[in-house]
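As structure tokens, the structure follows; a few thoughts come after it.
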Amino acid sequence: MGFNADVAAALERMGETLELLGESGFKVVAHSRAARVIRDYPQDLRSIASDEKALVGIEGVGKGIAKKIAEFAQTGKIAEADKLAAQVPAGLFDVLALQGLGPKTVRAMWQELGIESVADLSRAIDDGSLAGLPRMGAKTIENIRESIRFASATQGRTRIGTATAIAEMVLERLRQVEGVDRVEIAGSLRRGRETIGDLDFLAVAQGAAAERCSEAFRTMDEVERVLAAGETKSSVQLKIDRGSRSGPVRIGADLRVVPAEVFGSAWLYFTGSKSHNVRLRERAQKKKLTLNEYGLFPDDGEPAPQSRGVKPRASATETSIYKALGLPVLPPEIREDRGELELKETPALIEADDLIADLHAHTVASDGRLTIDELAQEAKSRGYKVLAITDHSQSQAIANGLKPDRLREHIGAIREADSRIKGIRLLAGSEVDILAGGKLDYEDDLLAELDVVVASPHLALKQTEKHAMKRMLRAIEHPLVHIIGHPTGRLINRREGLPLVIDEIVAAAAEHDVALEINANDRRLDLRDTHVRAAVEGGALLSINCDAHDAGHFDMLPYGVATGRRGWLTADRCINAWGERKLLNWLASKR
DNA sequence: GCCGTTTTCGGCCCGACTGTTTTCAGTCG
């Protein structure tokens, strides 16, 4: 999708290539780190690609990478990367991606046995030639066989909603184990990432209880494979059959069991992100301290202070460690090494309780499951004070979109319900299609009758950047539009969505006082976290909505809120978190 | 390849676990 993502992918691949060619690990890490920073960068780097000084100003980008970015902007490729890639068989990257196989082993397979793909590897297992490699015993081979099987049965990272449901099931089980004082989620799920690689759990227990906890974890019915079973750490692969069309969900899960006095340092460590942790350790080193999962210790130059009886400066809580490092306490969602260590105080990020309004919901009039009354009662029961009912517009024939006369009738029904139902304010709205050329799906006189216009792209989502930008800017500039719904139209793991230059979209939204949606549905989460960050930096308003088509969809609000928090969103910039009067005044100002 | 109020060269975060080894390399997070 955008330029940054393309450059990042090229650098990522280059790092893997260097790894397979046996280059220094530090060089590899430098490439993958630059790739990550560039992928997350809130501004489109194309605009500064010729400005080497500006590029080098980005953390993790030096002269070498800056030149590659400039080259990529000019020619669409990196000559050196292509030259290196030509030396490595393309199929080898899939081998490197297998669980348990790293660069050293894959390189040996390639150099010694001519293995160039997963298929080659399978053959080498079957014909016995793999066993000829050093350190390649029967168990290792069996593990590789299993990893190949697991990889072919898994499709990438798991959506946060699915991962949350599985994690809660595991939590409940572990919390029932006798003598286990506490169990918490860590890892990317705690940080609220849109997709989850592995589930991470942290338990507080000691002695026999710790063993019982690990045992309970490894013997759950859903465990398909045990990868590690140590004293403090267990690692498994889960298979959960949820009776869904897409088949069973497979996901890895790790459990660490620690005593209560080191809980904080362990939780910090296992929550990550990895690069946030690296930053914290660097910070610790500058203060002549050393940080690991057992605590923050004075650095005496020797390793493993915890096992030498050294007393930690902090370890029981995350708060105590951040404080001892001279940092504000940083919420998990922003622990991504995206500049959070520069913060002077804990940011007041938006919380679910701040939201008094949902401004995007569907009824049976189009493709929702609930009537106006049912939807209103559901929203009210969840504590909302304002609900906008926004059924689909006429072009969405497949979703039973409303023709103008039906919409006029619907507006009347919503107003009638609003006068009758107490305790929640109902607004008449529409989720209006932004047609391929940027025109809206209703005439202006009808749009003007609506309290809320959410303008969204649904069709023609494979447009070129040029067409997509023209289309979306036209919608943003429309004076009757309040919110741009799921602005890119992406579906996680399924569809890229429109290739938008996000800082230009943000600038236009800020200029025209239009809010950009964070659609909380975990299939969408659109805008995504890095886009939200760009919007926050660029001064645009945001709107977090559940896009409810059914009662249960309101349960997805936390994912939208987490995405907002990951983008450093504060309540004052989110229209759903404004007071009722301020919100209604703002909506009315566009009428 | 990146980075620098001790450095423009010489560092670069830290530990658990596994499997194959007689003391450790490789992988992972």
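So that the names make sense, note that chain A is the first sequence line, chain B the second, and so on, each numbered from 1. Basis for what follows: all heavy atoms, side chains included, without hydrogens, waters or symmetry-related copies.
- Each of B/dT18, B/dA16, B/dC28 was ranked by its minimum atom distance to the side chain of A/Gln99; first place goes to B/dC28.
- The phosphate of B/dG1 (OP1 or OP2) has no side-chain N or O of A/Ser24 nearer than 4.0 angstrom.
- Residue A/Lys104 places at least one side-chain N or O under 4.0 Å from the OP1 or OP2 atom of B/dG26.
- In this structure, A/Ala138 reaches the sugar-phosphate backbone alone: every heavy-atom distance under 4.0 Å involves primed, P, OP1 or OP2 atoms, never a base.
- For A/Asp198, the side-chain atoms get nearest to B/dG29 when compared with the rest of B/dG29, B/dT20, B/dG1.
- Looking at heavy-atom distances under 4.0 Å, A/Lys274 makes contact with a base.
- The side chain of A/Pro103 approaches B/dT27 more closely than any other nucleotide in the set B/dA16, B/dC12, B/dT27.
- Of the candidate nucleotides B/dC14, B/dG19, B/dG1, B/dG19 has the atom lying nearest to any side-chain atom of A/Thr140.
- Taking atom CD of A/Glu52 as the reference point, atom P of B/dC2 lies 10 Å away to the nearest angstrom.
- Atom CG in A/Leu133 sits about 15 Å away from atom C1' in B/dG19, given to the nearest Å.
- Taking every side-chain heavy atom of A/Ala228 into account, B/dT18 is the closest of B/dG19, B/dT18, B/dG1.
- Judged purely by distance below 3.5 Å, without hydrogens or angles, the side chains of A/Ser235 and A/Asp254 pair a donor atom with an acceptor atom.
- When only modelled atom types and interatomic distance are considered, A/Ser188 and A/Arg193 share no side-chain donor-acceptor pair under 3.5 Å.
- Out of B/dG26, B/dG29, B/dG15, the shortest distance to the side chain of A/Thr105 is found at B/dG26.
- Residue A/Arg135 places its side chain closer to B/dG19 than to any other of B/dC2, B/dA16, B/dG19.
- Nearest to the side chain of A/Asn292, among B/dG1, B/dC17, B/dG15, sits B/dG15.
- Using a 4.0 Å cut-off, no side-chain N or O of A/Ser235 falls inside it from OP1 or OP2 of B/dC17.
- Distance from the side chain of A/Asp200 is smallest for B/dG29 among the nucleotides B/dG1, B/dA16, B/dG29.
- Checking B/dG29, B/dC14, B/dC2 against the side-chain heavy atoms of A/Asp254 singles out B/dG29 as nearest.
- Put simply, A/Tyr269 has no side-chain N or O that comes within less than 4.0 Å of OP1 or OP2 on B/dC28.
- Across all strands shown, B/dT8 forms no Watson-Crick or G-U wobble pair with both distances under 3.5 Å.
- Note on A/Asn143: a side-chain N or O is less than 4.0 Å away from OP1 or OP2 of B/dG19.
- Looking at heavy-atom distances under 4.0 Å, A/Leu280 makes no contact with the nucleic acid at all.
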